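What follows is one structure encoded as structure tokens, with my remarks underneath.
Keep in mind that the numbers below use all heavy atoms, side chains included, and drop hydrogens, waters and symmetry copies. Every chain is numbered from 1 and lettered A, B, ... according to where its sequence line falls, protein lines coming before strand lines. Here the structure is a predicted model, which means the values were calculated and not measured.
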There are 4 protein chains.
Amino acid sequence: MSVRARIDSEKQKLRRLILQATTDLLAREGFEQVSIRKVASRIGYSATTIYLYFKNKADLIDHVVDDGFARFMLRLGNTGAGDSPPLRQLVAGMRVYIAFALENPNWYRVTFSSRLGRSNNDAQFLTEAATREKGFAVLAASLTQAMAAGEIPKRPLYPAVQTIWATLHGIAMLLINSPQAGIKEQRRVIEGYIELIVNGLRVR
Amino acid sequence: MSVRARIDSEKQKLRRLILQATTDLLAREGFEQVSIRKVASRIGYSATTIYLYFKNKADLIDHVVDDGFARFMLRLGNTGAGDSPPLRQLVAGMRVYIAFALENPNWYRVTFSSRLGRSNNDAQFLTEAATREKGFAVLAASLTQAMAAGEIPKRPLYPAVQTIWATLHGIAMLLINSPQAGIKEQRRVIEGYIELIVNGLRVR
Amino acid sequence: MSVRARIDSEKQKLRRLILQATTDLLAREGFEQVSIRKVASRIGYSATTIYLYFKNKADLIDHVVDDGFARFMLRLGNTGAGDSPPLRQLVAGMRVYIAFALENPNWYRVTFSSRLGRSNNDAQFLTEAATREKGFAVLAASLTQAMAAGEIPKRPLYPAVQTIWATLHGIAMLLINSPQAGIKEQRRVIEGYIELIVNGLRVR
Amino acid sequence: MSVRARIDSEKQKLRRLILQATTDLLAREGFEQVSIRKVASRIGYSATTIYLYFKNKADLIDHVVDDGFARFMLRLGNTGAGDSPPLRQLVAGMRVYIAFALENPNWYRVTFSSRLGRSNNDAQFLTEAATREKGFAVLAASLTQAMAAGEIPKRPLYPAVQTIWATLHGIAMLLINSPQAGIKEQRRVIEGYIELIVNGLRVR
DNA sequence: CATGAATGAGCATTCATTCAT
DNA sequence: TATGAATGAATGCTCATTCAT
């Protein structure tokens with residue numbers, strides 16, 4: 001490793017530390033509680049230091065969002081249902097989506113609540129992501145395959161993925177905002193939802 | 001009109017003015033930008049005056065939320081599809097829901113994003129509302145009727161309404177967060193969504 | 001009673017009501033918690049009304065202080081030791097003084113803590129009061145008599161009264177600021193104090 | 001002096017400046033007039049800066065109180081009567097006590113008026129201090145010695161110190177609240193007081 | 001006599017950000 | 001690279017007081 005590379009790697013290490021601390025703070029205490037100072041004090045650096053790695057608060061949040069997004073996508077890409085019939089894979093993906101949202105409610109809220117995380121043009125980012133990123137691609141892929149295999153009737157891919165994602169988002173938010181709901185109740189909601197969507201997809 | 005009544009009406013007028021200004025500020029600039037001072041300066045009154053009409057900021061926001069909610073419910077109760085077959089009424093209600101959300105995106109966000117508008121348990125409030133309030137009752141009613149009329153198979157009412165509402169919410173948020181999407185695009189998403197749900201409901 | 005007199009009496013009634021409410025608020029919640037609005041709301045009148053009876057807040061507090069002072073003096077004038085030997089009467093007065101202070105700690109604090117109750121020239125008022133008012137006069141009287149009766153050596157009256165009062169005040173404040181002290185402990189302090197002073201007076 | 005030390009000393013300098021400004025403001029205008037902003041503006045810094053040196057207002061006041069207390073104790077420890085007979089030392093301590101109170105009336109008020117300076121139990125703090133702190137210990141020490149030397153009769157130490165302190169406090173407050181009293185008048189009060197107490201101590 | 005409406009001044013506190021070192 | 005020092009802007013809120021009615 002060259003000197004330059006090592007330095008860069010050191011630099012990246014602190015950068016990651018900041019990102020993790022912010023993600024952590026966000027997860028534990030919610031968006032409103034995230035402040036540059038708190039992040040800094042959490043990792044034992046000065047507030048000023050943050051600015052050496054991120055342009056400003058918005059930039060930091062942006063990267064936290066992106067980071068979580070990457071992890072999200074990774075999870076969606078590994079649903080563990082790789083060999084199942086396509087429709088089953090789709091359903092597996094939906095379950096993973098909801099599970100991830102429930103595990104990271106604050107991050108999820110910030111990431112998918114517009115304006116907060118990204119200053120501009122969230123939605124485009126999201127919808128673009130929906131088709132391009134390898135994570136959402138799972139939904140798209142299983143959908144395509146399900147259609148190809150005749151499990152469900154053919155329909156334009158992109159709008160379908162988008163719609164599924166949107167309804168998924170609705171369920172995720174419903175569950176996130178119902179913290180008092182027990183696991184059983186959550187499961188019932190999820191199953192009801194999946195049944196509804198899968199049935200909907202089966203018909204044309 | 002008695003003197004007292006006139007005075008009261010004057011008082012109500014300013015109260016309404018404050019509510020409108022707050023709603024407006026919320027609509028234009030988002031929740032984070034709403035401050036007592038900004039509201040006051042918008043209507044040319046001192047910040048102190050706000051406190052003559054609302055106990056504190058939370059109280060003010062609460063009333064803004066409630067106000068919008070009342071209008072929302074009113075709209076949902078008048079979908080103009082009163083004589084149509086139940087399933088059609090259901091669909092009309094879904095369209096109205098989305099339309100209202102798109103017309104009042106920031107209000108919608110605050111109202112349905114938990115914690116912000118209402119201090120305590122949003123979700124419960126929402127789901128309770130979903131069945132009880134006359135607005136959401138439209139969904140329940142048309143769903144019941146659709147089942148009674150044999151348009152769709154029978155299923156437990158409450159979970160179904162909840163699921164529909166959640167997916168509706170997802171679509172609403174998707175569209176709200178896609179401000180750059182043209183009307184045509186929006187319509188395509190909405191139609192795709194409705195088709196998916198209606199088809200889902202038709203099967204059992 | 002003439003019309004004018006009746007009106008005046010009505011007027012006095014509300015005035016008294018305000019004074020009592022303020023005294024009460026002061027007693028219960030302390031000086032910092034006394035505000036014109038709170039007083040007004042306590043008696044069901046508007047804040048503005050207070051200003052019809054008192055020039056401003058300071059004026060109101062002034063009168064509360066005076067009011068309590070009058071009651072204080074009354075109590076000091078009725079120690080129930082009228083027939084006892086003079087020195088005994090003096091001691092009785094000292095006990096009553098401390099008792100009253102302990103019963104009205106917040107009032108006492110405000111009244112005898114300068115600046116707060118009276119804007120200017122407290123002390124003069126107090127020391128003048130000490131000799132003139134019939135209450136402190138009891139101390140002066142019993143002191144005079146005790147000297148005349150040969151119970152204690154002769155000494156200039158005024159400085160002696162003043163000194164006794166000052167030490168009395170110190171003990172009162174000590175006890176007021178030791179709310180955790182039990183009654184037994186309080187009694188011990190009081191007895192120790194009285195013994196010290198009486199002994200001091202006996203010698204010359 | 002190392003770089004670090006110099007920097008620290010700079011920092012301490014501003015800290016001291018803030019403390020002095022606060023003490024000054026307190027001394028000149030009283031506790032109610034002390035506000036973070038006023039303190040800041042007095043030293044030409046922004047209000048925010050204060051928070052770099054003190055956690056909050058209460059913390060600042062606490063340190064002002066403590067600071068004065070330290071100076072107070074120092075003075076009480078150096079009455080300049082170290083070789084005199086114990087009773088004389090006691091009297092010297094009493095004189096110093098009163099003198100210091102008169103020199104720092106507002107500080108004295110805040111420090112010894114409970115609740116204001118310290119949130120929790122003042123009185124206990126004071127009485128504990130009365131025996132433990134080296135300052136008040138002077139009183140205790142001279143009292144003990146005076147008893148040992150047979151200058152005054154034996155009596156339980158703690159209650160005696162407490163009583164003396166309380167009466168001392170009363171005199172201090174009397175004089176503080178009599179700003180119009182001339183020096184001669186003050187001296188007469190002090191002498192009368194001391195004579196009374198000393199005589200009281202002599203008898204048993 | 002009593003009030004409702006309104007306000008200006010003030011407060012403690014927090015935050016993101018800059019700058020010189 | 002990292003930081004300590006400092007700040008301006010903002011926020012929610014409370015209060016005493018005035019004024020027209």
Side-chain angles (χ1 to χ4, degrees), chain A residues 7 10-11 13-15 32-40 43-61, chain B residues 3-4 7-8 10-11 14-15 32-41 44-61, chain C residues 7 10-11 13-15 32-40 43-61, chain D residues 3-4 7-8 10-11 14-15 32-41 44-61:
Chain A
I7 288 176
E10 288 292 325
K11 179 153 179 159
K13 215 175 273 173
L14 181 44
R15 196 187 151 89
E32 294 79 13
Q33 294 306 313
V34 174
S35 83
I36 294 275
R37 286 147 99 102
K38 280 190 195 149
V39 168
I43 57 175
Y45 280 79
S46 81
T48 321
T49 299
I50 308 285
Y51 287 89
L52 297 177
Y53 294 87
F54 299 92
K55 216 185 99 209
N56 51 28
K57 189 185 179 182
D59 186 36
L60 171 57
I61 298 287
Chain B
V3 171
R4 175 63 189 274
I7 289 175
D8 278 11
E10 289 291 325
K11 175 139 188 170
L14 181 45
R15 198 188 148 88
E32 295 79 15
Q33 293 307 313
V34 174
S35 84
I36 294 277
R37 281 142 118 106
K38 278 189 195 151
V39 168
S41 102
Y45 279 80
S46 79
T48 317
T49 298
I50 308 289
Y51 288 90
L52 297 178
Y53 295 86
F54 298 92
K55 216 184 101 211
N56 50 31
K57 190 185 177 182
D59 186 37
L60 173 56
I61 298 287
Chain C
I7 288 176
E10 288 292 324
K11 180 150 178 160
K13 215 176 272 172
L14 182 45
R15 198 187 148 86
E32 294 78 15
Q33 292 307 313
V34 174
S35 83
I36 294 275
R37 286 145 100 103
K38 279 189 196 151
V39 169
I43 57 175
Y45 280 80
S46 80
T48 320
T49 299
I50 309 286
Y51 287 90
L52 298 176
Y53 294 86
F54 299 93
K55 216 185 101 210
N56 52 28
K57 190 185 177 181
D59 186 35
L60 171 57
I61 297 287
Chain D
V3 171
R4 175 62 186 273
I7 288 175
D8 279 8
E10 290 290 326
K11 175 139 187 168
L14 181 45
R15 198 187 148 89
E32 295 78 14
Q33 293 307 313
V34 174
S35 84
I36 294 276
R37 282 139 117 105
K38 279 188 195 152
V39 169
S41 103
Y45 280 81
S46 79
T48 317
T49 298
I50 308 289
Y51 288 89
L52 297 178
Y53 296 85
F54 298 92
K55 218 185 102 211
N56 51 30
K57 190 185 177 180
D59 186 36
L60 172 57
I61 298 287

Margin query: If you assign Ser46(A) and Tyr45(D) each to the DNA chain F nucleotide with the nearest heavy atom, which residue ends up on the more 5' nucleotide?
Written below: Ser46(A)
Check: Between Ile61(A) (CD1) and dC15(E) (C1'), how many Å, whole number?
Finding: 13 Å
Check: So, do Tyr45(A) and Val39(A) sit near enough that their side-chain heavy atoms are less than 4.5 Å apart?
Finding: no
Item checked: Exercise: identify the closest heavy-atom pair between Lys57(B) and Val34(B) -> NZ-O, 3.0 Å
Margin query: Applying side-chain hydrogen bond (donor to acceptor under 3.5 Å, both in side chains), can you list everything that pairs with Asn56(D), at least two apart in sequence or on another chain?
Written below: none
Next item on the list: Considering just the side-chain nitrogens and oxygens of Tyr53(D), establish if one lies under 4.0 Å of OP1 or OP2 belonging to dA6(F).
Entry: yes
Check: By side-chain hydrogen bond (donor to acceptor under 3.5 Å, both in side chains), which residues pair with Arg37(D), not counting sequence neighbours?
Finding: none
Item checked: Interatomic distance where CG belongs to Leu52(C) and C1' belongs to dT21(F) [whole Å] -> 13 Å
For residues 47-55 of chain B, dump all side-chain donor-acceptor pairs below 3.5 Å to protein atoms at least two apart in sequence or in another chain.
residue  : atom : partner  : partner atom : Å
Thr49(B) : OG1  : Ser46(B) : OG           : 3.2

Next item on the list: Let me know the distance between CZ of Phe54(A) and P of dT17(E), rounded to the nearest Å.
Entry: 13 Å
Next item on the list: May I have the distance from Ile50(C) (atom CD1) to dC15(F) (atom P), rounded to whole angstrom?
Entry: 14 Å
Next item on the list: Find the distance Arg15(B):CZ to dG4(E):P and express it as a whole number of Å.
Entry: 16 Å
Check: What integer distance in Å separates Leu60(C):CG from dC15(F):P?
Finding: 15 Å
Next item on the list: Taking Watson-Crick and G-U wobble pairs with both distances under 3.5 Å, convert DNA chain F into its dot-bracket string, 5' to 3', dots for unpaired and | for cross-strand pairs.
Entry: .||||||||||||||||||||
Where do N or O atoms of nucleotides 10-13 of chain E meet protein N or O atoms at under 3.5 Å, pair by pair?
residue : atom : partner  : partner atom : Å
dC11(E) : OP1  : Ser35(D) : OG           : 2.9
dA12(E) : OP1  : Lys57(D) : NZ           : 3.0
dA12(E) : OP2  : Ile36(D) : N            : 3.1
dA12(E) : N7   : Arg37(D) : NH1          : 2.9
dA12(E) : N6   : Arg37(D) : NH1          : 3.0
dT13(E) : OP2  : Tyr51(D) : OH           : 2.8
dT13(E) : OP2  : Lys57(D) : N            : 3.0

Notebook entry, point to check: Can any side-chain N or O of Lys38(B) pair as donor or acceptor with the backbone N or O of Gln33(B) at less than 3.5 Å?
Noted result: yes
